[in-house]
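Report on the structure given below.
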There are 2 protein chains.
Amino acid sequence: MTSSPGSDKRQHVVETAYALFKRAGFHATGIDRIIAEAEVAKMTMYRHFPSKDELIVEVLDYRARRFESQLDRLAQEGITPEQKIGKILDWHERWFRSPDFHGCLFAHALAEFGDPRHPVFKAAARQKNGLKRRMQSILEEVMPRDRAESVATVLLMLIEGATLVAQMGQADTAIRDARKAALGIVAASRRPQ
Amino acid sequence: MTSSPGSDKRQHVVETAYALFKRAGFHATGIDRIIAEAEVAKMTMYRHFPSKDELIVEVLDYRARRFESQLDRLAQEGITPEQKIGKILDWHERWFRSPDFHGCLFAHALAEFGDPRHPVFKAAARQKNGLKRRMQSILEEVMPRDRAESVATVLLMLIEGATLVAQMGQADTAIRDARKAALGIVAASRRPQ
DNA sequence: TAGCTATGAGACAGACCTGTCTCACTACTT
DNA sequence: AAGTAGTGAGACAGGTCTGTCTCATAGCTA
């Protein structure tokens, strides 16, 4: 058993592949390009990942885990549901403004792998459902379960739509209007209907 | 000048390519597949379209024109802004429930051609901005310009998000929650703030 | 020292990709 | 009847794709 260099390579391939997929898309990024950028032999990659598709799934799961852990940290900073949702929107605002923002990798995966039975599609859908569940459980503190689910769905749609608008170059408008709408909906749903 | 068979071929290629792009994506659909399905010689295609990218742009523009003309017809059925926006949501509901719904082709184009300078990216962004402008002008009947623009952006984000949620297999939830949120926001924005 | 594991480097196969070219043919126009 | 525009069929080039294979090597462990 090797200790350090063994699994380093694997993770390095995942991170390099992530950067390339993000910029150029999944189909447009070839294995040769990934191993060249990662400075790794082709067999090293294929010994860690049985196929390109499984590498893609690994990349998505890795990014989903990172995303979840970042939101876990942020959730503790907020007290009320409005504050917690606000923190999630803050995170997206920073993301939209980051130097190489290229839209949502998970949404792109859904676009490129349209078959719902495909492992890549499933991995991408997992992330989206995870975000929805997170917001739903935040909302359940102050409203009944079914209403929390509806509101969480709306928030997810707003966030996904805002990400697309931001990708078209209107990040500022997107996040401002999304925040206004999101907080308005949460406030309105708090009151007994 | 040939009258009938000449331009029929061109349009037939566009429609065949559309059906294939929709199912399998742009990069994953090869020229050979398109011409085989359209039962057309390769040179026939390349005499009409200088490259695959330009065919893609043509497909997107064609679908955008169809979309616009359908909404033009629907807009006349509604009287109040709420009714007109409701008609647009009705259209999306039917679309989500249609037999081979595969998500939004324009959103997929943005995903696969991430460079904002790429003609395909521009063509896809045109369609999204067109839908936003349409909703904005509907809203300007009952609210000031800047507020109409904000609300139109929110409606666009809701629609795009709902399309993504629908693509993940929750079409019913998506359209119901999107409609509720959309009409609520329009109603709230009508009142002087 | 011997052995084992992970890796590097690159050839290779087989398929697919976009785009070009040639030649024959049809159908319409003048 | 002659000419012309559009088309069909397919070979072809040059490149890229994924995935497999071999062989050499570096470094750790027993």
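Below, read A as the first sequence line, B as the second, and so on, with proteins coming before strands; counting in each chain starts at 1.
When the nucleotides dC21(D), dT7(D), dT7(C) are ranked by their closest atom to the side chain of Arg47(B), dT7(D) comes out on top. In this structure, the nucleotide among dA9(D), dT18(C), dG8(C) sitting nearest to the side chain of Thr44(A) is dG8(C). Closest to the side chain of His48(A), out of dT7(C), dG8(C), dC17(D), is dT7(C). Closest to the Met43(A) side chain, of the nucleotides dG10(C), dT7(C), dT18(C), is dG10(C). Closest contact between the side chain of Tyr46(A) and the listed nucleotides dG8(D), dT7(C), dT18(D) involves dT18(D).
For Lys42(A) and dT18(D), the shortest distance from a side-chain N or O to OP1 or OP2 is not below 4.0 Å.
One atom, CE of Met45(B), and another, P of dG10(D), lie 18 Å apart when rounded to the nearest Å. Distance Asp32(A) CG to dA9(C) C1': 13 Å, rounded to the nearest Å. One interatomic measurement links the two molecules: CD1 of Ile35(B) to P of dA11(D), which rounds to 13 Å at whole-angstrom precision. Look at NE2 on His27(B): it is 17 Å from C1' on dT18(D), rounded to the nearest Å. Asp8(A) places its CG atom 9 Å from the P atom of dT7(C), with the value rounded to the nearest Å. The separation between Phe49(A) atom CZ and dG19(D) atom P is 13 Å, rounded to whole Å. The CD1 atom of Ile31(A) sits 18 Å away from the P atom of dG10(C) (whole-angstrom rounding). Rounded to whole Å, atom C1' of dA9(D) lies 14 Å from atom CD of Glu39(B).
Under a cut-off of 6.0 angstrom, the local environment of CZ in Arg94(B) is crowded, with over 12 non-hydrogen atoms contributed by other residues, nucleotides or ligands.
Within the 4.5 Å cutoff, side-chain heavy atoms of Thr173(A) are placed close to those of Arg176(A).
Sorted by first and then second residue, the ring pair (Phe, Tyr, Trp, His ring centres under 6.0 Å) pairs with a member in residues 124-171 of chain B form an empty list; sequence neighbours excluded. Pairs engaging residues 151-167 of chain A under the salt bridge (charged side-chain N to carboxylate O under 4.0 Å, His left out) rule: Lys128(A)-Glu160(A) [sequence neighbours left out].
A salt bridge is defined here as a Lys NZ or Arg NE, NH1 or NH2 lying under 4.0 Å from an Asp or Glu carboxylate O, and Arg179(B) with Glu93(B) meets this definition. Between Arg134(B) and Asp72(B) a salt bridge is recorded (basic side-chain N to carboxylate O distance below 4.0 Å). A salt bridge links Glu58(B) to Arg10(B): at least one charged side-chain nitrogen sits closer than 4.0 Å to a carboxylate oxygen.
Non-hydrogen atoms lying under 4.0 Å from DNA chain C are contributed by Ser51(B), Lys52(B), all within residues 51-58 of chain B.
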